Amino acid sequence: MKPLDKLALAQIERRLESLRKVSQLTSIKPGWINFMRTAFGLSLAKLAKKAKVSAATMQHTERRESEGRVTLETMHKIANAMGCKFIYAFVPENKIDKILWDQARKKAALLIKEADVHMALEDQQVSESFKIRVEQLADSLLKKGDIW
């Protein structure tokens with residue numbers, strides 16, 4: 001897969017930066033359904049009625065969410081019943097270019113180690129330092145989009 005250009009990466013990174021700021025606030029116990037239902041003053045039975053499910057199903061859904069075992073479809077349905085929008089995202093902990101470089105270096109180091117084993121078996125020595133070779137190969141792999 002071809003790597004994204006710098007402009008596309010910058011646009012993605014701007015969007016992710018906003019998400020990184022709020023990602024620390026996204027973990028709510030006992031879960032978002034219970035949190036928002038309580039905030040709205042909705043009983044379990046009333047929310048169940050709005051979502052067109054039984055109270056037992058709603059209780060089960062709240063428990064499954066707190067266990068991390070609820071479907072996205074269910075979360076959308078419950079959010080809509082409360083007049084909310086359900087959102088989810090993948091938020092990388094580091095900037096994308098750092099993740100890409102780290103992965104490229106990891107793959108390059110592995111490939112060079114494998115090549116060095118073969119070179120040693122053939123009694124050939126490489127004069128350039130390992131680190132320099134890793135950086136050069138990582139750069140090449142990144143340009144090709146072949147880091148994974």
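We number each residue from 1, following the sequence as shown. Below, all heavy atoms of this structure are taken into account, side chains as well, without hydrogens, waters or symmetry copies. Just so you know, these numbers come straight off a predicted model, no measurement behind them.
For Asp139, the side chain to side chain donor-acceptor pair (under 3.5 Å) partners two or more places apart in sequence, or in a different chain, are Lys143.
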Tell me which donor-acceptor pairs under 3.5 Å the side chains of residues 29-49 have, and how far apart each pair is, sequence neighbours excluded?
from	atom 1	to	atom 2	distance (Å)
Trp32	NE1	Thr26	O	2.8
Asn34	ND2	Glu62	OE1	3.2
Arg37	NE	Glu62	OE2	2.5
Arg37	NH1	Leu42	O	3.1
Arg37	NH2	Glu62	OE1	3.4
Arg37	NH2	Glu62	OE2	3.3
Thr38	OG1	Asn34	O	2.8
Ser43	OG	Lys46	N	3.0

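Without hydrogens or angle criteria, Glu65 side chain to Val70 main chain gives no donor-acceptor distance under 3.5 Å. Put simply, the side chain of Arg64 gets close to the backbone of Arg69: a donor and an acceptor are under 3.5 Å apart. Judged by distance alone, the side chain of Arg20 and the main-chain N or O of Pro92 form a donor-acceptor pair under 3.5 Å.
Taking CD from Gln103 and CG from Leu100, the interatomic distance works out to 8.5 Å, rounded to the nearest 0.5 Å. Between atom CZ of residue Arg133 and atom CD of residue Glu128 there is a gap of 7.5 Å, rounded to the nearest 0.5 Å. Distance check, rounded to the nearest 0.5 Å: OG1 of Thr57 to CD1 of Ile78 gives 9.5 Å. Atom CG of Leu72 sits about 5.5 Å away from atom CZ of Phe86, to the nearest 0.5 Å.
For Gln59, the CD atom counts as loosely surrounded, since its 6.0 Å shell holds 12 or fewer non-hydrogen atoms of other residues, nucleotides or ligands. Taking a 6.0 Å sphere around CD1 of Ile87, one finds it holds 12 or fewer heavy atoms contributed by other residues, nucleotides or ligands. The number of heavy atoms from other shown groups lying within 6.0 Å of CD (Glu114) is above 12.
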Apply salt bridge (Lys or Arg N to Asp or Glu O under 4.0 Å) to Lys98 and Asp102, showing your working. CA-CA 6 Å; Lys98 180 181 180 348; Asp102 288 349; 2.7 Å; yes
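Across all non-hydrogen atoms, the minimal contact from Ala108 to Ala138 is CB-N, 3.6 Å. Closest heavy-atom contact between Ala8 and Asp5: N-OD1, 2.7 Å. Contact record, Lys77 with Lys52: NZ-O, 4.3 Å, taken as the closest heavy-atom pair. A pairwise comparison of heavy atoms in Thr61 and Thr74 identifies CG2-CG2, 3.4 Å as the closest pair. Residues Ile147 and Ala104 share a closest heavy-atom pair of CG2-CB, 3.5 Å.
Under the 4.5 Å side-chain criterion, counting only non-hydrogen atoms from C-beta, Glu73 is not in contact with His76.
Between Asp116 and Lys113, no side-chain nitrogen of the basic residue sits less than 4.0 Å from a carboxylate oxygen of the acidic one, so the salt-bridge criterion is not met.
Tested against Lys107 for a side-chain contact (heavy atoms from CB on, under 4.5 Å), the candidates Asp146, Val134, Ile112 yield a single pass: Asp146.
Tracing side-chain contacts under 4.5 Å through hydrophobic residues (I, L, V, M, F, W, Y), one reaches Tyr88 starting from Met75; they form part of the same cluster. With hydrophobic clusters built from ILVMFWY side chains whose heavy atoms lie under 4.5 angstrom apart, Val91 shares a cluster with Ile96. Leu142 and Ile132 are assigned to two separate hydrophobic clusters, defined by single-linkage of ILVMFWY side chains at heavy-atom distances under 4.5 Å.
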